[in-house]
Participant: 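Before anything else, here's the structure in question.
Excluded from the calculations below are hydrogen atoms, water molecules and symmetry mates; all remaining heavy atoms, backbone and side chain alike, are included.
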Amino acid sequence: MSQRLGLTALVVADYDEAIAFYVGKLGFELREDTQLTPEKRWVVVAPKGGASALLLARAANDRQRAAIGEQSGGRVFLFLETDDFARDYAAYTERGVRFVREPVKENYGTVAVFEDLYGNLWDLIEPAAAR
């Protein structure tokens, strides 16, 4: 049996502003943007060349709106791996991405924490070379 995690849903306030952040600031690719109903779209973004992707799900009610930026209770829950930390850190900083923890070298790699447009916390991480 083979399994894989498909999409990770991320609750957002607005499709277009979320696309602008993930595509414009993080450099993700827009893989799909399909209108399903007048109020709902199927919007998928992903790191260029990456296998994993995010489904940007616009909040549809008060409970979902309350979860925007709080899906993990303030913990880092999204981990963006890179093959060149210095390149991506510089590019993101230049594009106005807000880092809330400065880069550090750990035994598992170089990492810094940034927040997305809603306050969700992400690790930008270049894993240490396999030993």
Participant: Please indicate whether Arg65 has more than 12 foreign heavy atoms, meaning atoms of other residues, nucleotides or ligands, lying under 6.0 Å from its CZ.
Facilitator: yes
Participant: Is any side-chain heavy atom of Ile125 closer than 4.5 Å to one of Thr110?
Facilitator: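 They are not in side-chain contact.
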Participant: Apply side-chain hydrogen bond (donor to acceptor under 3.5 Å, both in side chains) to residues Tyr15 and Gln35 and explain how you reach the verdict.
Facilitator: CA-CA 11 Å; Tyr15 293 116; Gln35 193 78 43; over 6 Å; no
Participant: Provide the closest heavy-atom pair for Val76 versus Arg101 in the form atom of the first, atom of the second, distance.
Facilitator: CG2-NH1, 4.1 Å
Participant: Can you tell me if Arg95 uses its side chain to pair, donor with acceptor, with the backbone of Phe21 under 3.5 Å?
Facilitator: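 No; zero donor-acceptor contacts below 3.5 Å.
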Participant: In Å, rounded to the nearest 0.5 Å, how long is the span from CZ of Arg75 to CG of Asn120?
Facilitator: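 It comes to 14.0 Å.
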Participant: Treat each ILVMFWY residue as a node, draw an edge where side-chain heavy atoms are under 4.5 Å apart, and state whether Leu78 and Leu55 are in one component.
Facilitator: no
Participant: Check for a donor-acceptor pair, side chain of Gln64 on one end and backbone N or O of Ala59 on the other, with a separation under 3.5 Å.
Facilitator: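 Looks like no, no N/O pair under 3.5 Å.
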Participant: Using a strict threshold of under 4.0 Å (side-chain N to carboxylate O), is an ion pair present between Arg41 and Asp16?
Facilitator: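 A salt bridge is present here (some side-chain N lies under 4.0 Å from a carboxylate O).
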Participant: Should Val100 and Leu10 be counted in the same cluster of Ile, Leu, Val, Met, Phe, Trp and Tyr side chains packed under 4.5 Å apart?
Facilitator: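 Different hydrophobic clusters.
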Participant: Show the numbers, then the answer: is there a side chain to side chain contact (heavy atoms under 4.5 Å, CB included) between Phe99 and Leu124?
Facilitator: CA-CA 10 Å; Phe99 281 85; Leu124 174 64; 4.1 Å; yes
Participant: Give the minimum heavy-atom separation between Ser52 and Arg31, together with the two atoms involved.
Facilitator: O-NH1, 4.2 Å
Participant: Determine whether Val12 and Val43 make a side-chain contact, defined as any pair of heavy atoms from C-beta on separated by less than 4.5 Å.
Facilitator: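 Side chain of Val12 against side chain of Val43, heavy atoms only: no contact under 4.5 Å found.
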Participant: Is Gln71 reaching over with its side chain to a backbone N or O of Val11, donor-acceptor style, under 3.5 angstrom?
Facilitator: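 Yes, Gln71 side chain to Val11 backbone: donor-acceptor pair under 3.5 Å.
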Participant: Compare all side-chain heavy atoms of Asp83 with those of Glu126 and state whether any distance is below 4.5 angstrom.
Facilitator: no
Participant: Should Phe79 and Trp122 be counted in the same cluster of Ile, Leu, Val, Met, Phe, Trp and Tyr side chains packed under 4.5 Å apart?
Facilitator: no
Participant: Within a strict 4.5 Å, meaning less than it, do heavy atoms of the Tyr22 and Glu29 side chains meet?
Facilitator: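 No, side chains not in contact.
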Participant: Give, for atom CZ of Phe28 and atom CD1 of Ile19, the distance between the pair rounded to the nearest 0.5 Å.
Facilitator: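 Rounded to the nearest 0.5 Å, the CZ-CD1 separation comes out at 13.0 Å.
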Participant: Please walk me through it: do Phe114 and Tyr89 pass ring-ring contact (aromatic ring centres under 6.0 Å, His included)?
Facilitator: CA-CA 10 Å; Phe114 69 92; Tyr89 181 80; 9.7 Å; no
Participant: Would Leu26 end up clustered with Val113 when hydrophobic side chains under 4.5 Å apart are linked, directly or stepwise?
Facilitator: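 No, no single cluster joins them.
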Participant: Are side-chain heavy atoms of Asp116 and Val97 found at a separation under 4.5 Å?
Facilitator: no
Participant: First locate atom CD1 of Ile68, then atom CZ of Arg58, and finally report the distance between them rounded to the nearest 0.5 Å.
Facilitator: 9.5 Å
Participant: Check whether any side-chain heavy atom of Leu7 lies under 4.5 Å from a side-chain heavy atom of Val44, and answer yes or no.
Facilitator: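 A side-chain contact under 4.5 Å exists here.
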Participant: Testing Leu80, Thr82, Leu54 for side-chain contact (heavy atoms from CB on, under 4.5 Å) with Pro47, which one passes?
Facilitator: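 The side-chain contact (heavy atoms from CB on, under 4.5 Å) with Pro47 is passed solely by Leu80 among Leu80, Thr82, Leu54.
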Participant: If you take all heavy atoms of Tyr118 and Ala13, which pair is closest and at what distance?
Facilitator: OH-N, 3.2 Å
Participant: For a side chain to side chain contact (heavy atoms under 4.5 Å, CB included) check, start with the C-alpha distance between Trp42 and Glu32, then their side-chain angles and the critical distance, and finish with the verdict.
Facilitator: CA-CA 7 Å; Trp42 185 264; Glu32 187 172 352; 3.4 Å; yes
